[in-house]
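Letters A, B, ... mirror the listed sequences (proteins, then strands); counts begin at 1. Heavy-atom basis, side chains included; hydrogens, waters and symmetry copies ignored.
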Number of protein chains: 2
Amino acid sequence: MQPLPAEQTQARRFGKARSARSTAVLEDYVELISDLLGTTGEARPTDIARRLGVSHPTAIDTIARLKREDLVTARPYRGVFLTEKGETLAKRVRARHRLVVDVLLALGVPQEAAEADAEGIEHHVSDVTLKAFAEFIRDAKDRRKA
Amino acid sequence: MQPLPAEQTQARRFGKARSARSTAVLEDYVELISDLLGTTGEARPTDIARRLGVSHPTAIDTIARLKREDLVTARPYRGVFLTEKGETLAKRVRARHRLVVDVLLALGVPQEAAEADAEGIEHHVSDVTLKAFAEFIRDAKDRRKA
DNA sequence: GCACTAATGTAGCCTAACCTACGTTTTGAT
DNA sequence: ATCAAAACGTAGGTTAGGCTACATTAGTGC
Ligand SMILES: [Mn+2]
Ligand SMILES: [Mn+2]
Ligand SMILES: [Mn+2]
Ligand SMILES: [Mn+2]
């Protein structure tokens with residue numbers, strides 16, 4: 001039986017996971033909105049809802065939260081757009097998402113499981129971990145060349 | 001710009017992540033209760049709350065939910081115990097937690113980041129992915145021997 | 001231009017997960 | 001046996017993230 005970590009240490013870890021959980025939804029929305037804007041030119045509440053698998057009122061509610069957090073602008077019947085802050089977040093989130101998928105694939109996880117699990121995992125990957133992931137992928141590529 | 005996945009595919013992935021998020025708290029409680037029972041012989045609401053970094057009423061509320069889900073038994077002033085179902089879940093969750101930490105460490109993630117990130121990541125690792133992780137670790141060990 | 005349809009918005013509801021404030025029960029030390 | 005402190009429980013409140021049902025607006029085809 002492993003010794004338990006010190007109370008405060010464990011509490012800090014759980015706290016980080018809680019805070020990541022609370023921003024996960026926002027991150028998914030900005031990433032998706034950015035993708036929709038990039039590929040179709042617009043991001044409308046109904047599309048967002050359908051792609052997320054939620055009802056459209058749920059999407060509209062969350063879009064309101066995104067507005068409050070200054071990540072998007074949206075006006076009735078006009079679709080959703082990213083603010084500067086939103087664009088910046090979207091870029092970071094998309095890059096992280098891709099890297100997480102790549103790492104899972106490199107570890108031998110089948111494609112669809114990698115894509116599905118990454119959708120949840122990504123939100124809990126810290127910067128330090130992300131750096132380690134990037135190096136791992138870089139090294140894997142080097143090994144393949146040699 | 002990568003092509004977007006089909007709507008239903010993407011919705012299914014997001015749905016899985018949502019459902020994992022909704023069980024994450026239960027999993028952490030069960031794992032922690034099991035650890036406390038194993039090392040100190042008892043799991044009291046206050047200890048649980050302190051280790052999770054939440055207020056004790058929050059812990060008590062969640063323990064009530066665990067009871068509803070038939071994962072624990074608890075009576076006033078008497079501490080918390082795992083049901084069969086709870087024990088089973090605890091074992092699975094603990095094994096998964098350890099494996100996730102091991103994989104992160106093997107990828108070069110520093111100890112504390114590995115422990116902290118694993119606390120969130122673990123809940124989004126599917127069985128298929130877990131299997132790939134196990135093989136990766138086994139192979140890494142073999143390589144070290146050779 | 002009208003009418004139907006799809007999209008959007010609004011209202012109202014629910015549960016989970018957090019909190020503070022306060023009252024009650026146990027526990028343990030004199 | 002008493003009593004203070006710690007643990008526990010309860011009450012009541014907030015926010016996020018879901019939902020359904022219904023009303024309104026916008027867009028399209030005729
Ligand atoms: Mn995601
Ligand atoms: Mn993503
Ligand atoms: Mn966890
Ligand atoms: Mn854990």
Side-chain angles (χ1 to χ4, degrees), chain A residues 7 11-33 36 40-81 119-120 123, chain B residues 7 11-33 36 40-81 119-120 123:
Chain A
E7 263 177 20
R12 191 160 15 80
R13 290 176 190 162
F14 281 122
K16 279 189 192 174
R18 270 195 303 278
S19 118
R21 237 185 346 255
S22 87
T23 53
V25 172
L26 285 325
E27 291 179 347
D28 284 337
Y29 270 74
V30 294
E31 187 186 359
L32 176 57
I33 290 164
L36 287 171
T40 74
E42 57 179 4
R44 341 221 1 230
T46 302
D47 292 343
I48 295 170
R50 261 203 301 261
R51 292 203 108 85
L52 287 165
V54 298
S55 70
H56 79 269
T58 295
I60 289 175
D61 275 0
T62 305
I63 290 165
R65 188 179 161 210
L66 290 167
K67 272 202 267 192
R68 260 184 282 138
E69 310 259 353
D70 202 37
L71 290 165
V72 308
T73 57
R75 294 195 3 225
Y77 300 97
R78 276 299 103 121
V80 183
F81 299 91
E119 202 52 78
H123 308 286
Chain B
E7 263 177 18
R12 190 161 17 81
R13 290 175 190 163
F14 281 123
K16 279 189 190 175
R18 269 195 304 277
S19 118
R21 237 187 343 257
S22 87
T23 52
V25 171
L26 283 326
E27 292 179 347
D28 283 337
Y29 270 74
V30 167
E31 187 187 0
L32 176 57
I33 289 165
L36 286 171
T40 73
E42 57 180 5
R44 306 157 133 268
T46 302
D47 292 344
I48 295 169
R50 261 204 301 264
R51 292 202 108 86
L52 287 167
V54 298
S55 69
H56 80 270
T58 295
I60 289 175
D61 276 359
T62 305
I63 290 165
R65 188 178 161 210
L66 290 167
K67 272 201 270 192
R68 261 184 281 140
E69 311 260 353
D70 201 37
L71 291 165
V72 308
T73 57
R75 296 202 353 233
Y77 299 97
R78 275 301 101 94
V80 183
F81 299 91
E119 202 51 78
H123 309 286

For the pair made of [atom1] in [X] and [atom2] in [N], what is the distance, rounded to whole Å?
X: Tyr77(A); N: dG27(D); atom1: OH; atom2: C1'; value: 12 Å
X: Arg21(A); N: dG18(D); atom1: CZ; atom2: P; value: 13 Å
X: Asp61(A); N: dC19(D); atom1: CG; atom2: P; value: 10 Å
X: Lys16(B); N: dG18(D); atom1: NZ; atom2: C1'; value: 20 Å
X: Glu42(A); N: dA26(D); atom1: CD; atom2: C1'; value: 13 Å
X: Ile63(B); N: dA7(D); atom1: CD1; atom2: P; value: 14 Å

Would you say the side chain of [Y] lies within less than 4.5 Å of the side chain of [X], judging by non-hydrogen atoms?
X: Lys16(B); Y: Glu119(A); value: no
X: Arg65(A); Y: Arg68(A); value: yes
X: Leu52(B); Y: Tyr29(B); value: yes
X: Leu36(A); Y: Leu32(A); value: yes
X: Asp47(B); Y: Arg50(B); value: yes
X: Ile33(B); Y: Leu66(B); value: yes

- Message: At 4.0 Å (heavy atoms only), tell me whether Pro57(A) reaches a base, stays on the sugar-phosphate, or touches nothing.
- Response: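 Answer is base: heavy atoms of Pro57(A) come under 4.0 Å of a base.
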- Query: When we call it a touch if two heavy atoms are under 4.0 Å apart, what does Ser22(B) touch: a base, just sugar-phosphate, or nothing?
  - Reply: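 Answer is sugar-phosphate: Ser22(B) comes under 4.0 Å of backbone atoms only.
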- Task: Considering just the side-chain nitrogens and oxygens of Thr58(A), establish if one lies under 4.0 Å of OP1 or OP2 belonging to dC19(D).
- Result: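 Answer yes for this pair, as a side-chain N or O of Thr58(A) is under 4.0 Å from OP1 or OP2.
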- Message: Could you check whether any side-chain N or O of Arg18(B) sits under 3.5 Å from a backbone N or O of Gly53(A), counting only pairs where one atom can act as donor and the other as acceptor?
- Response: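 Answer holds: yes.
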- Which atoms form the tightest heavy-atom contact between Ala59(A) and Pro45(A), and what is the distance?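 Reported closest heavy-atom pair: CB-O, 4.0 Å.
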- Nearest heavy-atom neighbours spanning Ala74(A) and Lys67(A):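 It is O-NZ, 3.2 Å.
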- With a 4.0 angstrom cut-off to heavy atoms of chain B, pull out the first and last contacting nucleotide of DNA chain C, in 5'-to-3' order.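 Terminal contacting nucleotides, 5' to 3': dA16(C) to dT27(C).
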- Taking the nucleotide of DNA chain D with the closest heavy atom to each, which residue, Arg65(A) or Pro76(A), is nearer the 5' end?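 The 5'-side residue here is Arg65(A).
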- First of Gly79(B) and Glu69(A) reached from the 5' end of DNA chain D, by closest nucleotide: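 The residue mapped nearer the 5' terminus is Gly79(B).
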- Message: Using a 4.0 Å cut-off on heavy atoms, which residues in residues 43-56 of chain A reach DNA chain C? List them by number, or say none.
- Response: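 Heavy-atom contacts with DNA chain C come from Arg44(A), Pro45(A), Thr46(A), His56(A).
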